[in-house]
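Data block below; observations after.
Keep in mind that the numbers below use all heavy atoms, side chains included, and drop hydrogens, waters and symmetry copies. Numbering of ligands and ligand atoms starts at 1, following listing order. Remember, predicted model here, so these are calculated numbers, not experimental data.
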Amino acid sequence: MSQPTIESILHENRLFHPASEFSEKAHIKSLEDYQRLYEKAKADPQVFWADLAETELHWFQKWDKVLDWQPPFAEWFVNGKLNISYNCLDRHLTTWRRNKAALIWEGEPGDSRTLTYAQLHREVCQFANALKHLGVQKGDRVGIYMPMIPEAAIAMLACARIGAAHTVVFGGFSAEALRDRLVDGEAKVVVTADGGWRKDAIVPLKEQVDKALANGSVPSVSAMIVVKRTGQDVQMQGDRDYWWHELQSQVSAHCPAEPMDSEDLLFILYTSGSTGKPKGVVHTTGGYNLYTHITTKWIFDLQDTDVYWCTADVGWITGHSYIVYGPLSNGATTVMYEGAPRASNPGCFWDVIEKHGVNVFYTAPTAIRAFIKMGDEHPKARDLSSLRLLGTVGEPINPESWIWYQQIIGGGRCPIVDTWWQTETGGIMITALPGAIPTKPGSATLPFPGILADVVDLDGNSVGANEGGYLAVRHPWPGMLRTVYGDPDRFRRTYWEHIPPKDGQYTYFAGDGARRDEDGYFWVMGRVDDVINVAGHRLGTMEIESALVSHPAVAEAAVVGKPDELKGQEIVAFVTLEGTYSSSDALLKELKQHVVQEIGAIARPGEIRFADALPKTRSGKIMRRLLRDLASGVEISGDTSTLEDRSVLEKLRQG
Ligand code: 6R9
């Protein structure tokens with residue numbers, strides 16, 4: 001008998017076709033075009049990727065071998081030489097793009113800057129020389145702990161230019177979280193700022209780095225570089241700390257890009273497990289450059305006149321792949337915004353879209369739900385007519401939020417790409433191609449060409465249509481993580497052994513529950529760790545939450561299981577309400593009944609708790625394991641360093 005999988009209970013039947021005006025101009029124009037690409041890639045992945053590597057990137061030296069697969073370790077474009085900073089900058093300088101805006105930046109207080117490709121190139125070359133001046137060499141690691149300012153991207157590109165690996169730590173993480181990551185990555189230099197703006201307050205970044213480095217606790221770090229952003233007082237330590245602008249003024253703007261081996265380390269990015277220390281996800285140069293380049297081009301359908309905006313933070317993989325590397329490799333104009341959705345300015349995102357005429361907009365369900373809660377009057381008061389394409393990432397998007405995004409932000413005319421991927425995958429894996437693939441609200445739709453995604457049971461067998469199971473990938477792809485930094489065993493255990501290898505065939509285990517419908521569309525049902533087992537039925541979180549969110553009173557919902565003597569587990573739902581509703585017993589009953597109506601009695605929450613806010617990670621994912629402990633009345637265990645706002649948990653505790 002095969003292992004238990006996950007049951008699917010919610011069905012969504014709406015289907016949206018791309019408009020023909022959109023498809024005609026798109027890179028991939030029809031479902032047939034997509035299918036042709038998909039079949040070609042499936043028949044011979046190596047030829048598919050090699051053709052793209054040849055036409056889309058600049059190589060100093062061509063590879064000898066496309067893929068060397070010693071499962072679970074992959075090498076792509078073996079012995080090829082390239083530099084991702086060259087592909088993102090230098091190659092555009094000999095074209096008309098030289099004076100095109102590469103980066104448009106908006107600060108939270110309303111200041112802004114635009115850097116052309118020529119200007120960005122100059123800044124990057126100078127900072128690369130500054131790093132060299134401080135002794136950074138090819139193969140070293142550099143920590144980046146920055147607000148969302150252009151210098152964050154400049155520092156990343158400068159590291160890549162000289163062959164130093166960066167490890168970006170989200171600017172909202174604590175000094176302890178920063179220290180752990182710097183120690184694990186053995187960083188030689190840390191780049192930071194005096195402070196950064198976040199939700200109308202200044203985050204004292206330099207002070208946090210001082211704490212992280214106190215008492216020699218990170219022996220590898222010999223220098224810190226500080227950008228003056230907020231102008232607040234900071235303590236510069238004479239033999240260790242340098243001002244960014246002073247270094248920049250002392251060095252030359254000439255710095256050729258170092259030819260890197262395709263498999264040289266590009267960056268480490270830490271992703272938190274629910275327990276234990278964070279994993280340093282390792283990405284290398286050639287495969288990552290190609291994968292982020294081509295996914296950006298086809299999924300965001302970038303045209304040369306587009307202004308493209310991804311609202312992620314550079315401390316998250318989405319910022320790495322889809323603010324910095326993917327867009328710049330394509331010669332696009334990428335917007336970077338320092339602010340976050342906040343009550344003091346409920347129209348902040350829409351202002352940026354109007355001001356810069358943003359055409360392609362990529363954000364997260366958590367932001368969409370926050371804006372729904374703030375009210376339609378804010379987007380409606382702005383001119384959003386420049387938008388032609390919308391994207392979402394980070395969590396499953398509830399169908400009702402999808403519809404709001406499509407109607408209120410997209411004016412009913414913009415396709416939505418719901419992009420499923422992970423830090424580990426480097427780039428987007430399952431998504432619509434906007435001119436080609438019809439969309440269904442809540443489904444990430446189909447795999448990107450070259451990605452052999454599947455839904456399997458724990459023996460590795462594909463499950464049938466509409467049966468729930470585990471999201472998995474059957475063949476290596478160029479953007480995949482290469483290992484966990486310093487811990488190849490953990491890499492093997494975490495990703496390649498949940499589904500036992502069979503006859504030398506390794507299957508990548510993503511840790512998400514999913515189903516494929518009769519059209520082959522993927523529906524992600526949430527993290528496998530969050531599955532709730534009610535009387536033998538294994539239920540994903542996404543569907544029950546979506547049923548709750550489809551009630552007009554509900555802004556956000558998170559469901560978890562709590563131990564129950566009879567049923568094994570009982571469903572507990574945490575719910576935040578739309579602005580105009582308030583909690584009552586009648587509403588509570590109504591919500592339970594609503595879930596029963598939408599998906600059936602099996603999913604009826606035993607308990608519903610109203611909350612002001614839900615605990616989330618810095619990238620906006622709901623941290624259900626904390627709610628699970630709360631609901632079960634046990635001490636909260638596991639890592640909480642990635643929690644965005646501790647007071648949310650405190651409030652929930654006090655009930
Ligand atoms: C890019 C990113 C990865 C996890 C992933 C899944 C969830 C991301 C999603 C989605 C449903 C989508 N996830 N995108 N779930 N639909 N479109 O978010 O990376 O921070 O590593 O998180 O996020 O659970 O496994 P990361």
Near-ring test Phe448/Trp477, centroid separation under 6.0 angstrom: no
Sub-4.0 Å heavy-atom environment of ligand 1, residues by chain: Trp316, Ile317, Thr318, Val393, Gly394, Glu395, Pro396, Asp418, Thr419, Trp420, Trp421, Gln422, Thr423, Asp512, Val524, Arg527, Lys621
Whether Trp49 and Trp76 hold their rings parallel, tilted or perpendicular, with breakpoints at 30° and 60°: perpendicular
Lys440 to Tyr521, cation-pi by 6.0 Å centre distance and 45° axis angle: yes
Parallel, tilted or perpendicular: rings of Tyr38 and Tyr34 (30°, 60°): tilted
Option among Lys279, Arg141, Lys277, Arg179 that satisfies the side-chain hydrogen bond (donor to acceptor under 3.5 Å, both in side chains) test with Asp184: Lys277
Donor-acceptor pair, side chain of Tyr288 and main chain of Leu481, under 3.5 angstrom: no
